[in-house]
Each structure stands twice: as C-alpha cells, then as structure tokens.
Amino acid sequence: MRIQKIKAWFHKYPLMISVCYLAFYLYAFHWLEENVVPKYIIHCKLDELIPFCEAFILPYIFWFPYIIGCFLWFCRRGWEDYIKLCRMVFSGLTICLIIYYIFPTGLNLRLASSPHETGALYNLVVMLRAIDTPTNVCPSIHVMNTVMVFQAVCSLDNLKHRRLTIAVHFVIMVLICLSTVLLDQHSVIDVVCGAMMSFILHGLVYRVEWRSEVSRQKAKMPKSGSGINGIYKKSA
C-alpha cells in the first residue's frame, strides 16, 4: 500500500523523480571523487592529434542547462515520454557510477595553465578544470546523456516541426561531443564508450516501440494477392 502511495506521489509530481535521483547521483559522484584514486589512464594516439580550442567551453557548459531544459520539456509532454527518458538516462548514470568504482579512470591530457594565455574563454576553462577533475572519465557522461536526449527526441511521436527540432538537437549534440575532446576534458575513447552506452540503453528502453513499429510496417505491406499482383490476377 505504501509503495502504491509513493508511485502515485511521483506520478503527481514527476519532476521529483529527477530531483531525488540527482541528489543520489551528486552524493555518489562526490564520494567517488573523494575516495577513489584513478588506476587506469585513458589515452589513444588520436587524442594527441586533436587541438585545444577554448571556444568550445561554450557548448561544454551549455550542456548543464540543456539537459535540465530537456527534462522539463519532456515532463511537459507527458508521463510516458518523460519516464522513458528518466529510465534511459538514470540507468546510464548508475552504470557509470559502478564502472567508475570498479575501473577508476583518469586523464593526463590537460596541459598546465600558461600565464601567457588570456581571455574570458580561457579563464572559463581554468575555472572548469578547478571544479571538474580529470578523474572518472570513461565513459563520458557529457556524451552519453547528450546522445540519449537526441535519441529520445528522435523517438517522440507527434513532434511539431519534427525536422527542425531534430536538426537543432543534432547540432547541439555534435558541438557538445566535440567540446569534450577539444577542451581535453575527455579522450576519444571516453566519447566512443559514452555513445555506445547510449545506443545500448536506448535499444533496451525503447525496444517495445521498435517492435510495434515493425508490426505497423508489416500491417501496411500489401498482402498476397493485393496490390499490382492482385490487379493482374483479377484481370486474368
């Protein structure tokens, strides 16, 4: 009975699902940052070929209001769309926490701050690095959540201005994913692993929709004896 009341309360106040999970996630991530020392340094040759570009600090920090805004948007669209996004994103974040605990990872890509570097954008990068340490990096949560949001948007039914909306989210996704490597916040390996995680979980959460879509497409297909072949048979 108590479980039913809790479910009814969350259904009445759906945003509290995100608030409660966010509180848990921030506590768990902070605990990992304080208590788990990186044992595996993530690096590949491609990382050395990617230049540093402080301008990409803008899409990187835009990720924070973007994810929050998308959750609010999905919540307004309705329970079904919102709860699917929650299942996908929160499952991914929980799996990442487990991975960070079992396989603590870190980076050695970031160069020391140079006194010759100036400008507002570079100062933002310095501030970011003071907060965001090069630990717990693989898979990239920035990439995983951004790709998940894009996949969720593409899965929406009755989406107004569908092509334009998807195009905007696609551009945002690409810029955020690029920012993780162009700011030396992540290795290419982190990006690939984050994207792979999003595709796997999207497939698990939305599998029913895929099956129903296949069924709808099969139902639209002309049956034997119908269509052009049926016309020939009738005329014969």
Side-chain angles (χ1 to χ4, degrees), residues 21-68 89-150 172-201:
Y21 183 84
L22 180 62
F24 157 75
Y25 172 79
L26 291 177
Y27 173 81
F29 190 83
H30 177 72
W31 185 90
L32 289 172
E33 291 277 291
E34 294 293 326
N35 297 278
V36 178
V37 179
K39 295 181 181 179
Y40 308 96
I41 301 300
I42 307 299
H43 185 79
C44 68
K45 289 293 183 181
L46 186 56
D47 296 331
E48 301 172 5
L49 302 177
I50 298 176
F52 172 81
C53 182
E54 66 268 21
F56 275 84
I57 186 64
L58 298 178
Y60 190 89
I61 60 178
F62 177 69
W63 177 85
F64 297 95
Y66 172 68
I67 296 297
I68 294 173
V89 173
F90 297 162
S91 296
L93 291 174
T94 303
I95 293 172
C96 284
L97 291 174
I98 296 172
I99 292 174
Y100 296 159
Y101 179 76
I102 299 175
F103 301 102
T105 53
L107 289 176
N108 57 5
L109 296 175
R110 302 179 187 179
L111 300 176
S113 300
S114 172
H116 302 291
E117 296 285 352
T118 58
L121 295 178
Y122 186 79
N123 291 336
L124 283 176
V125 174
V126 174
M127 292 172 60
L128 172 66
R129 290 181 175 178
I131 300 171
D132 188 8
T133 61
T135 57
N136 302 321
V137 294
C138 187
S140 168
I141 290 176
H142 250 66
V143 171
M144 182 189 69
N145 286 355
T146 307
V147 176
M148 283 180 172
V149 167
F150 176 72
I172 293 173
M173 178 188 68
V174 171
L175 289 176
I176 291 176
C177 291
L178 287 175
S179 71
T180 62
V181 293
L182 288 170
L183 293 177
D184 295 333
Q185 291 294 112
H186 284 281
S187 166
V188 173
I189 297 175
D190 306 334
V191 174
V192 173
C193 290
M196 289 176 60
M197 180 85 76
S198 65
F199 278 100
I200 292 172
L201 290 174

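Predicted model only: the values in this text are computed from it and were never measured.
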Practice task
Considering non-hydrogen atoms only, spot the tightest contact between V36 and Y100 and give its length.
Solution key: CG1-O, 4.0 Å
Practice task
Would you mind reporting whether F150 and I176 have side-chain heavy atoms less than 4.5 Å apart?
Solution key: no
Handout entry: side-chain contact (heavy atoms from CB on, under 4.5 Å) evaluation trace for D184 with L107
Key = CA-CA 9 Å; D184 295 333; L107 289 176; over 6 Å; no
Problem - Residue pairs, two or more places apart or on separate chains, that pass side chain to side chain donor-acceptor pair (under 3.5 Å) and touch residues 39-51 - result: H43-E48, D47-S187
Handout entry: S140 side chain vs D190 backbone, donor-acceptor pair below 3.5 Å
Key = no
Practice task
Using a 4.5 Å cut-off on heavy atoms from C-beta on, say whether the side chain of I99 contacts that of M197.
Solution key: yes
Exercise for the section: Taking the side chain as every heavy atom from C-beta outward, state whether L178 and P59 have any pair of such atoms under 4.5 Å apart. Expected result: no
Problem - Closest approach of I42 to C138 (non-hydrogen atoms, all atoms of both residues) - result: CG1-CB, 4.1 Å
Practice task
Indicate the atoms forming the closest heavy-atom contact of L97 with F24, along with that distance.
Solution key: CD1-CE2, 4.1 Å
Practice task
Would you please test L58 and L175 for side-chain contact (heavy atoms from CB on, under 4.5 Å) and show each step?
Solution key: CA-CA 9 Å; L58 298 178; L175 289 176; over 6 Å; no
Practice task
Decide yes or no for V181 and L46: does some side-chain heavy atom of the first lie under 4.5 Å from some side-chain heavy atom of the second?
Solution key: no
Completion exercise
One should read off an interatomic distance between E34 CD and F29 CZ, to the nearest 0.5 angstrom, of 11.0 Å
Problem - Selection residues 127-148 - residue pairs positive for ring-ring contact (aromatic ring centres under 6.0 Å, His included), sequence neighbours left out - result: Y60-H142, W63-H142, F64-H142
Handout entry: Nearest atoms (heavy-atom pairs only) where C44 meets V188
Key = SG-CB, 4.1 Å
Practice task
Find out whether T180 and F56 are in side-chain contact, i.e. whether some heavy atom of one side chain is under 4.5 Å from a heavy atom of the other.
Solution key: no
Handout entry: Close side-chain approach of I67 to V89, heavy-atom, < 4.5 Å
Key = no
Problem - Donor-acceptor pair, side chain of Y21 and main chain of F90, under 3.5 angstrom - result: yes
Handout entry: 4.5 Å side-chain heavy-atom contact, V149 and N145
Key = no
Handout entry: Heavy-atom side-chain proximity of L93 to M144 below 4.5 angstrom
Key = yes
Problem - Rounded distance (nearest 0.5 Å) linking atom CZ of F52 with atom CG of L183 - result: 6.0 Å
Fill in the blank from the handout: On a heavy-atom basis, the closest approach of I141 and C96 is CG1-SG, 4.2 Å
Handout entry: P38 versus T135, closest heavy-atom pair with distance
Key = CG-CG2, 3.3 Å
Handout entry: Main-chain N/O of L128 paired with D132 side-chain donor or acceptor, under 3.5 Å
Key = no
Practice task
Go through the side-chain N and O atoms of Y66 and T146 and say whether any donor and acceptor fall under 3.5 Å apart.
Solution key: no
